[in-house]
Amino acid sequence: MRSLYTNGITLIFSIFRNRFMTEHTRVPLIAANWKMHHTSIDAEAFLQAMQAAQLPDDRDVVICPSYTSLHIFNAADTAFSLGAQNMHAEVEGAFTGEVSATMLVDAGCSYVILGHSERRAQFNETDEQVNAKVVTALHNDLTPIICIGETQEQRAAGNTLEIVKVQVEAALHDLTQDAIDDVVIAYEPLWAIGTGETATAEQAQEVHASIRSIVGEKTRVLYGGSVKPDNIAELMQQPDIDGALVGGASLEAESFLQIVQY
Ligand code: PGA
């Protein structure tokens, strides 16, 4: 009796401890995706506003400007990290107009957004290409922020979880669990990107929980799609939402800072 009781207490304690540990070891991450906006003058002003602000030290912040503004941030002493919005899967070669992982590292990047839906839709990026880029990024010490998400039609047809599963598994194809622990997934429902229409916290949590069941407890899973100062707090309360990938609301330092300081 006594040892059963003791074992029971030990088991309950370890379940609580694991739950506490896993929920608290994923450092929140807020990333800005500027897309094709802003020149270096705008980047300079944004940088100054960021430097004047107090960034909370319990979360990671990443700015992904255009390639041509990376140097503005790289030259400065900042409390946030730098990322790019895309890269080629090869590290060098005859690929006119492309940028490689080693070039991004050279320009001060530690993150790179890969497989954004705009790249998939407008530049025909495939799941296989995204996977190849993820592998190259990891080999070069860049943390990939891998974007996935369903269209309005796919959601209406009830296929969201299946679509997302296929995209996640394809992007992570052949990666070890250690490597998967290091990537960042950004769930961005296409119907919510740039539309002002955000997934509800419950809709997002449902998809995040299903992504979590594929990637495990250590991988950070961000939500993206019309994240704004007034919806970030509710999103961040969800147990499987570890941060946000912010487009439109990241273009002005004021609104981005409000999201960072949720
Ligand atoms: P949005 O963009 O915040 O403007 O919806 C997000 C994204 O595309 O990464």
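Indexing begins at 1, ligand by ligand and atom by atom, following the structure's order. Because the structure is predicted, anything quoted here is derived from the model rather than measured.
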* Ligand-side contact atoms (ligand 1) for residue partner Ser226, heavy atom cut-off under 4.0 Å -> 1 (P), 3 (O), 5 (O)
* Atoms of ligand 1 close to His116 [distance to a heavy atom under 4.0 angstrom, numbered from 1] -> 7 (C), 8 (O), 9 (O)
* Give the contacting part of Ser117 toward ligand 1: side chain, backbone, both or neither, where contact means a heavy-atom distance below 4.0 Å. => neither
* Residue pair Arg26, Asp181: steps toward the salt bridge (charged side-chain N to carboxylate O under 4.0 Å, His left out) verdict -> CA-CA 10 Å; Arg26 294 194 303 265; Asp181 291 348; over 6 Å; no
* Asked: Less than 4.5 Å apart, any side-chain heavy atom of Asp182 and any of Thr143?
  -> no
* Can you list the atoms of ligand 1 that are under 4.0 Å from a heavy atom of Ala192? -> 5 (O)
* To do: Give the atoms of ligand 1, by number and element, whose distance to some non-hydrogen atom of Gly194 is under 4.0 Å.
  => 1 (P), 4 (O), 5 (O)
* For ligand 1, which part of Ile193 has a heavy atom less than 4.0 Å away: the side chain, the backbone, both, or neither? -> both
* Structure fact -> Smallest heavy-atom separation, Trp34 atom then Ser250 atom, equals NE1-O, 3.0 Å
* **Cluster link Leu82 to Leu245, ILVMFWY, side chain under 4.5 Å** => no
* To do: Could you tell me which atoms of ligand 1, counted from 1 in the order shown, lie closer than 4.0 angstrom to a heavy atom of Gly248?
  => 1 (P), 3 (O), 4 (O)
* Asked: Are any of the N or O atoms of Gly225 closer than 3.5 Å to those of ligand 1?
  -> no
* To do: In sequence, state the C-alpha distance, the side-chain angles, and the governing distance for Arg220 and Asp60, and then conclude on salt bridge (charged side-chain N to carboxylate O under 4.0 Å, His left out).
  => CA-CA 11 Å; Arg220 290 184 287 186; Asp60 292 337; 2.9 Å; yes
* Asked: Which protein heavy atom lies closest to atom 7 (C) of ligand 1, and at what distance to 0.1 Å?
  -> Glu188 OE2, 3.1 Å
* Is there any N or O on Thr195 that sits under 3.5 Å from an N or O of ligand 1? -> no
* To do: Output, in order, the C-alpha distance, side-chain angles, deciding distance and verdict of salt bridge (charged side-chain N to carboxylate O under 4.0 Å, His left out) for Arg120 and Glu125.
  => CA-CA 4 Å; Arg120 293 178 190 258; Glu125 278 194 22; over 6 Å; no
* Aromatic ring centroids of Phe46 and His38 under 6.0 Å? -> no
* So, is the end of the Arg59 side chain (NZ or CZ) under 6.0 Å from the ring centre of Phe80 and within 45° of the ring's axis? -> no
* So is there a nitrogen or oxygen of Gly247 less than 3.5 Å from a nitrogen or oxygen in ligand 1? -> yes
* To do: Determine, using heavy atoms of Lys35 and all atoms of ligand 1, whether some pair is separated by less than 4.0 Å.
  => yes
